[in-house]
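Input: a single structure, listed below in structure tokens.
Position 1 is the first residue of the sequence, and the numbers go up from there. What you are looking at is a predicted structure, and each value in this text was computed from that prediction instead of being measured.
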Amino acid sequence: MTVRDFIGIGLGPFNLGLAALTGPLDLDGLFLERKPDVDWHPGMLIEGTTMQVPFMADLVTLADPTSQYSFLNYLKETGRIYPFYIRESFFQLRAEFQDYLRWAARGMDNLEFEREVTDVAWEDGAYAVTSEGPGGTRTDLAKRLVLGTGTPPWVPPACRELESETVCHASSYLENREKLKGCKSITVVGSGQSAAEIYRDLLGGIEEGGYELNWVTRSPRFFPLEYTKLTLEMTSPEYVDYFHGLPAAKRDELNQAHKGLYKGINAELINDIFDVLYEKKFTMGSVPTRLFTNCTVEKAAGCGSVRLGVRQHEQDRSFELVTEGLVLATGYSYRVPAFLDRVRDRLRFDATGRLEPRRDYSVDRAGEGEVFVQNAELATHGFTAPDLGMAAHRNSWIIRSMTGREVYPIEQRIGFQEFGAPTP
């Protein structure tokens, strides 16, 4: 059986970018995806929503601006480059980004869809990757793995036992939207952009005699995403170097402090929500909506109507909120896939049981560049882990480790500021 150079598991934007960048190289790579097509956050493709990063944070541009898989080439080939130019916005529509990803995937021959990986084993010096799909069970061999399986939705412990057709995670919001709008009351739980977009979408449908709408957030305020230029310099190679070199406890502390850098809400959206509230109050007299800050859902029970036990932190007081519809915009959290169980002894874990990637994103204990991760390195590389703008940089590192040469130039220093003490 042929032993490939590597197998990528999962086809979100990060591994799809790696597929685009390795396609022209002398590397025998294969990417396996369980879904029938690229499916990037389908539950959040709300009409009119835009990306939070500029279009240059596509699959390839920041590594190879000449690649055929750039977003600009997508626009050219689909006949929309001039309308995009006239629009004068760096931020493409979210649905447009999804369409771009699918366009890029159609042009690649190193991808296989509807192949769900069920097991990985180490056999005779190679990784044996078993998958299920059309044609039945199959095993492929490779010298290396690149794990791009994404981060599954995270549900608060208090809500994990809820069973209701009108309770959903933000990841499946669109498919549940009409059902939610049929409720007498809807509550959105969450602090970031997804929560704000869902609240704004539901707020637009509020009418007299319609549903009541609540928004509950743990944050002390509806804080905006920090987007000033010197702050953006922290999404840089040298900041990742600096962060990776800090002690684990300090990195964990910083990740808590950095939430405003990647989990905040677009300032324009916050202002738009206020303007809609203002207009609706003028036309309706009062708006059937409540916004709760500093509040955590600690209990949840019920079928049909859900009774939420909520704690207000600053007052240290609890109250109950009853709702028919519940949307948990509570984010995502990485979990080591079960199909890796048989090779866990070959992987690096920290004292808390998290994968512990090296600077080059490898997690194999041997240190031979056998297994790499995409967006599983928050604890070691910081808030740039889920950042689309740093994906090409990470893939350039992975490609250098796999080939032993710098195929795509890797920037070392791009910022004006220094993050650590000067070297003597």
Side-chain angles (χ1 to χ4, degrees), residues 8-20 31-53 55 57-59 69 71 74 78 80 91-108 111-117 133 147-155 159 164-182 186 188-190 192-202 204-205 262-263 265-266 269 325-335 337 374-375 386-388 391:
I9 303 175
L11 273 171
F14 300 140
N15 257 1
L16 189 60
L18 184 65
F31 292 83
L32 304 176
E33 167 58 46
R34 62 184 177 84
K35 295 180 180 179
D37 202 346
V38 178
D39 207 16
W40 183 77
H41 295 302
M44 287 302 298
L45 299 180
I46 299 170
E47 299 87 343
T49 55
T50 62
M51 301 293 289
Q52 288 184 283
V53 291
F55 70 90
D58 62 10
L59 298 174
Y69 298 110
F71 180 76
Y74 155 77
T78 55
R80 292 180 15 259
F91 304 96
Q92 69 269 56
L93 299 172
R94 190 172 293 166
E96 188 176 29
F97 184 70
Q98 165 87 311
D99 191 63
Y100 157 67
L101 297 179
R102 291 182 172 180
W103 166 86
R106 288 194 295 270
M108 302 182 201
L111 318 178
E112 285 195 33
F113 291 94
E114 296 185 275
R115 301 274 347 156
E116 181 169 8
V117 174
L147 306 174
T149 52
T151 50
W154 186 83
V155 174
C159 301
S164 172
E165 292 185 352
T166 52
V167 175
C168 68
H169 189 270
S171 57
S172 59
Y173 168 67
L174 276 186
E175 64 188 81
N176 289 283
R177 179 166 60 181
E178 293 310 309
K179 198 182 301 178
L180 288 163
K181 286 185 174 182
I186 311 169
V188 179
V189 177
Q193 183 76 9
S194 294
E197 288 175 353
I198 291 169
Y199 177 80
R200 171 63 182 88
D201 188 53
L202 293 169
Y262 71 109
K263 288 192 174 182
I265 304 167
N266 181 284
L269 178 57
L326 178 63
V327 184
L328 300 168
T330 46
Y332 302 80
S333 179
Y334 184 79
R335 292 198 298 267
Q374 303 260 34
N375 192 17
D387 187 352
L388 288 169

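- Remark: Leu45 CG to Phe97 CZ distance equals 11.0 Å, nearest 0.5 Å.
- Met108 has its side chain within reach of Leu16: a pair of non-hydrogen atoms, C-beta onward, lies under 4.5 Å apart.
- The heavy-atom pair separating Met51 from Leu93 by the smallest distance is CG-O, 4.3 Å.
- Going from atom CZ of Phe14 over to atom CG of Asp387 covers 7.5 Å, rounded to the nearest 0.5 Å.
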*Arg200 and Thr49: side-chain contact (heavy atoms from CB on, under 4.5 Å), yes or no, with the steps?*
CA-CA 11 Å; Arg200 171 63 182 88; Thr49 55; over 6 Å; no
_Pair Leu59-Leu101, side-chain contact (heavy atoms from CB on, under 4.5 Å): steps then yes or no_ = CA-CA 8 Å; Leu59 298 174; Leu101 297 179; 3.7 Å; yes
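- Of the inter-residue distances, the one linking Glu112 atom CD with Glu114 atom CD reads 11.0 Å to the nearest 0.5 angstrom.
- Within the 3.5 Å criterion, the main-chain N or O of Trp154 finds a donor-acceptor partner in the side chain of Thr330.
- For the side-chain contact (heavy atoms from CB on, under 4.5 Å) with Val327, the qualifying choice from Leu180, Thr166, Val189 is Leu180, the only one to do so.
- Using a 4.5 Å heavy-atom cutoff, the side chains of Leu174 and Ile46 are in contact.
- Separation of atoms CG (Leu32) and OG1 (Thr149) is listed at 12.5 Å; rounding is to 0.5 Å.
- Put simply, the side chain of Asp201 reaches to within 4.5 Å of the side chain of Tyr173, judged on heavy atoms.
- Nearest heavy atoms, Cys168 versus Asn176: CB-ND2, 3.7 Å.
- Note: Lys35 NZ to Glu116 CD = 11.0 Å, rounded to the nearest 0.5 Å.
- The closest donor-acceptor contact from the side chain of Gln193 to the backbone of Asn266 lies under 3.5 Å.
- Nearest approach of Ser194 to Ala329, heavy atoms of both residues: C-CB, 4.2 Å.
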*Could you walk me through whether His169 and Tyr332 pass the ring pair (Phe, Tyr, Trp, His ring centres under 6.0 Å) test, one step at a time?*
CA-CA 10 Å; His169 189 270; Tyr332 302 80; 5.3 Å; yes
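- Contact of the Glu96 side chain with the Thr50 side chain is not registered, since no non-hydrogen atoms from C-beta on lie closer than 4.5 Å.
- Between Val167 and Cys159, the closest side-chain pair of non-hydrogen atoms is not below 4.5 Å.
- Scanning both residues, Asp39 and Arg102, for their nearest heavy atoms gives OD1-NH2, 3.2 Å.
- Annotation for Leu269 and Ala196: closest pair CD2-CB, 3.5 Å, computed over non-hydrogen atoms.
- Taking the six-membered ring for Trp and thresholds of 30 and 60 degrees, Tyr69 and Trp103 have ring planes more than 60 degrees apart, a perpendicular arrangement.
- No side-chain heavy atom of Arg34 sits under 4.5 Å from any side-chain heavy atom of Val117.
- The two residues Ala105 and Val38 have their closest heavy-atom pair at CB-CG2, 3.8 Å.
- Remark: Asn15 CG to Leu147 CG distance equals 8.0 Å, nearest 0.5 Å.
- Tyr74 and Asp58 share no side-chain donor-acceptor pair at under 3.5 Å.
- For the pair Gln52 and Tyr262, the minimum side-chain heavy-atom distance is 4.5 Å or more.
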